[in-house]
Amino acid sequence: MSDTLITIIAIALAAILMFIFPLMTMSDRTDDVAQLTVDTATTEFVDDIRTTGKITQDKYDQFLQTIGSTGNTYNVEMQAQILDENPGKKTTQTARDKIGENVYYSVYTSQIEDKLKSDNGVYKLKEGDIVSVDVKNTNQTLSQQLKNFFYKVVGNDTYTIAASHGGIVTATGK
């Protein structure tokens with residue numbers, strides 16, 4: 001009887017070692033590739049915005065398609081901090097040239113997307129504006145599901161694939 005029990009335990013352990021751990025390793029590598037893809041695409045998208053001074057519908061759709069090609073779904077949050085052209089209206093002793101005196105107001109993803117749909121697919125920025133893009137996956141990857149099953153480490157609201165990039169616009173969009 002004890003030989004049968006030891007044999008069953010050995011077979012179960014061998015199955016875990018031969019199938020489960022390689023599957024977990026491969027799913028982790030898949031997440032690593034997706035992370036690299038999303039990070040690269042986000043950096044390229046933001047750098048394109050910074051150097052051209054505009055967000056176009058084509059570039060935005062291409063960005064969404066590139067990150068979507070990883071097989072995951074993502075929440076993309078864009079923020080443009082627009083340099084106020086008339087900070088002198090708000091205070092009496094403001095000079096636009098002084099460092100620390102610039103006033104920004106923020107425009108967010110939904111406002112940018114609405115403007116892209118209404119203004120020929122172009123959202124123009126000017127030199128000195130600040131743009132940032134944050135991307136987080138919204139679905140559970142295979143790696144997350146396996147970790148949830150075996151370790152109970154990863155919670156349901158956490159994300160494993162994320163990227164963030166931002167910077168100051170260096171050209172005025174035309």
Item to check | side-chain contact (heavy atoms from CB on, under 4.5 Å) between T109 and E113, intermediate numbers included | outcome: CA-CA 6 Å; T109 306; E113 287 175 345; 3.7 Å; yes
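With sequence neighbours left out, D28 forms a salt bridge (Lys or Arg N to Asp or Glu O under 4.0 Å) with K147. In terms of the salt bridge (Lys or Arg N to Asp or Glu O under 4.0 Å) criterion, residue partners of D32 (sequence neighbours excluded) are, by chain and number, R29. For S110, there are no side chain to side chain contact (heavy atoms under 4.5 Å, CB included) partners at least two apart in sequence or on another chain. Residues forming a side-chain hydrogen bond (donor to acceptor under 3.5 Å, both in side chains) with D47 (at least two apart in sequence, or on another chain): R50, H165. A162 meets the side chain to side chain contact (heavy atoms under 4.5 Å, CB included) test with K136, Y159; sequence neighbours excluded. Scored by the side-chain hydrogen bond (donor to acceptor under 3.5 Å, both in side chains) test, Q79 finds S106 as partners (sequence neighbours excluded). Here I82 pairs with A80, Y105, V107, Y123, L125, K126, D129 under the side chain to side chain contact (heavy atoms under 4.5 Å, CB included) rule; sequence neighbours left out. Residues forming a side-chain hydrogen bond (donor to acceptor under 3.5 Å, both in side chains) with S164 (at least two apart in sequence, or on another chain): D134. Under the side-chain hydrogen bond (donor to acceptor under 3.5 Å, both in side chains) criterion, K59 pairs with no residue, sequence neighbours left out.
Hydrophobic clustering, with ILVMFWY side chains joined whenever heavy atoms are under 4.5 angstrom apart, keeps L116 apart from V122. Under the 4.5 Å side-chain contact rule for hydrophobic residues, V33 and I161 do not share a cluster. The cluster map of Ile, Leu, Val, Met, Phe, Trp and Tyr, joined by side-chain heavy atoms under 4.5 Å apart, puts V38 and V76 in the same cluster. When the side chains of ILVMFWY residues are joined at heavy-atom separations under 4.5 Å, either directly or via intervening members, M24 and L13 end up in a single hydrophobic cluster.
In this structure a side-chain-to-backbone donor-acceptor pair under 3.5 Å is missing from E44 to A41. Within the 3.5 Å criterion, the main-chain N or O of D31 finds no donor-acceptor partner in the side chain of T141.
Atom CG of L23 has more than 12 heavy atoms from other residues, nucleotides or ligands within 6.0 Å.
Side-chain polar atoms of D58 and Q62 form no donor-acceptor pair below 3.5 angstrom. A donor atom on one side chain and an acceptor atom on the other are not found under 3.5 Å apart for N72 and N137.
Note on residues 49-74: pairs passing ring-ring contact (aromatic ring centres under 6.0 Å, His included), not counting sequence neighbours, are F45-F63. For residues 7-36, no pair satisfies ring-ring contact (aromatic ring centres under 6.0 Å, His included), with sequence neighbours left out. Listed by first and then second residue, the side chain to side chain donor-acceptor pair (under 3.5 Å) pairs that reach into residues 33-42 come to none, sequence neighbours excluded.
For the atom pair OG1 of T56 and CD1 of I49, the computed distance is 8.5 Å after rounding to the nearest 0.5 Å.
In plain terms, the two heavy atoms of A171 and V169 that are nearest each other are O-CG1, 3.1 Å. When all heavy atoms are compared, the tightest approach of N139 to G71 is ND2-O, 4.1 Å. Scanning all heavy atoms of the two residues, the minimum distance from Q57 to K117 falls at OE1-N, 4.3 Å. Looking at every heavy atom in both residues, G166 comes nearest to V46 through CA-CG1, 3.9 Å.
A side chain to side chain contact (heavy atoms under 4.5 Å, CB included) with T7 is found for one member of I11, T4, L5, I9 and no other, namely I11.
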